[in-house]
Amino acid sequence: MSDQLDDFLKELQGQIYEETLRDYGQKAFDRWIDPPCMHTMENPDAHGRITGSCGDTMDIFLKFKEGTVSEASFITDGCGPSMICGSLAAELAIGKDPEELKKITAETILEVIGGLPEEDQHCASLAANTLQMALFRYLDQEASGR
Ligand code: FES
């Protein structure tokens, strides 16, 4: 790659980073750059998958130990905000029992992240709904003794 092109791309990346940090804030920016919980999980105790009305799909995986979430992760083929919200949903799930998990909503995610632009708020709903689906499946399995 020529030095000129390299410099151009570095400058462009710097601008994108600056704008993202300004528009989304530090917590969201950090998760957009390197979402801590973005990976699949071998043998989860629960798995939720939802495709939102935008067409993006999210998966959330949970492992429980002694009644609380010991591990949580997510993957998505969606937008940057879906990565931010999916990561936060998984992060928030860790250490929670089912009753506490039920309280994690899109509003919770938005509050923790410090808000998102209005056009991205549905991404928090996708993350929260996917988490709730994983929880529903877990509770269903527990109830049926599977
Ligand atoms: Fe689909 Fe963000 S636009 S989850």
Side-chain angles (χ1 to χ4, degrees), residues 1 5-6 8-65 67-144 146:
M1 197 177 339
L5 181 59
D6 204 29
F8 170 75
L9 290 175
K10 273 188 190 150
E11 196 182 314
L12 186 64
Q13 186 182 42
Q15 275 174 17
I16 292 169
Y17 281 12
E18 227 171 79
E19 286 170 16
T20 305
L21 184 57
R22 186 192 62 220
D23 294 345
Y24 290 82
Q26 190 70 52
K27 276 187 190 171
F29 179 79
D30 291 346
R31 284 160 181 85
W32 176 63
I33 293 291
D34 187 17
C37 297
M38 192 164 90
H39 55 87
T40 56
M41 187 185 286
E42 291 291 312
N43 305 316
D45 293 318
H47 170 214
R49 169 183 279 192
I50 291 185
T51 299
S53 55
C54 59
D56 296 332
T57 299
M58 187 175 293
D59 295 75
I60 290 188
F61 308 92
L62 301 174
K63 261 192 186 149
F64 286 78
K65 197 173 182 182
T68 61
V69 175
S70 57
E71 286 177 52
S73 68
F74 82 102
I75 55 171
T76 184
D77 62 3
C79 60
S82 72
M83 287 166 50
I84 295 164
C85 294
S87 186
L88 253 183
E91 290 172 65
L92 288 170
I94 294 170
K96 303 257 186 339
D97 65 26
E99 284 311 308
E100 294 168 317
L101 287 173
K102 283 179 190 170
K103 296 178 188 153
I104 299 176
T105 63
E107 288 70 30
T108 314
I109 292 170
L110 290 169
E111 197 181 310
V112 173
I113 207 86
L116 284 177
E118 197 170 332
E119 65 271 20
D120 297 324
Q121 292 184 4
H122 69 278
C123 313
S125 299
L126 178 61
N129 293 342
T130 308
L131 176 61
Q132 294 305 321
M133 176 180 275
L135 174 61
F136 176 82
R137 288 191 170 155
Y138 174 74
L139 293 173
D140 190 45
Q141 282 169 33
E142 289 292 293
S144 60
R146 278 179 272 154

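One-based numbering, in listed order, for ligands and for the atoms of each. Residue indices begin at 1 and follow the sequence shown.
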Original post:
What is the nearest protein non-hydrogen atom to atom 2 (Fe) of ligand 1, stated with its residue, atom name and distance?
Top reply: Cys79 SG, 2.2 Å
**OP:** Would you check whether Cys54 reaches within less than 4.0 Å of ligand 1, judged by its heavy atoms?
**Re:** yes
**OP:** Using a strict 4.0 Å cut-off to heavy atoms of Leu126, name the atoms of ligand 1 that fall inside it.
**Re:** 4 (S)
**OP:** Between Met58 and ligand 1, find which residue part has any heavy-atom pair under 4.0 Å and reply side chain, backbone, both or neither.
**Re:** neither
Subject >> Lys63/Asp45 salt bridge by N-O under 4.0 Å criterion >> reply: no
**OP:** Measure from atom 1 (Fe) of ligand 1 to every N/O/S atom of Asp56 and report the name of the nearest one.
**Re:** OD2
**OP:** May I ask you to say whether Lys102 pairs ionically with Glu99, meaning some side-chain N is under 4.0 Å from a carboxylate O?
**Re:** yes
**OP:** Might you confirm whether atom CD of Glu111 has over 12 heavy atoms from other residues, nucleotides or ligands at distances under 6.0 Å?
**Re:** no
**OP:** Output the list of atoms in ligand 1 that are nearer than 4.0 Å to some heavy atom of Ser82, sorted by atom number.
**Re:** 4 (S)
**OP:** Working to the nearest 0.5 Å, report the span between NZ of Lys96 and CG of Leu135.
**Re:** 12.5 Å
Subject >> For His122, the ligand 1 atoms whose distance to one of its heavy atoms is below 4.0 Å >> reply: 1 (Fe), 2 (Fe), 3 (S)
Original post:
Roughly how far, to the nearest 0.5 Å, is the NZ atom of Lys27 from the CG atom of Leu88?
Top reply: 7.5 Å
Original post:
Between Glu91 and Arg31, is the closest basic N to carboxylate O distance under 4.0 Å?
Top reply: yes
Original post:
With a cut-off of 2.8 Å, does Cys85 place any N/O/S atom under that distance from atom 2 (Fe) of ligand 1?
Top reply: no
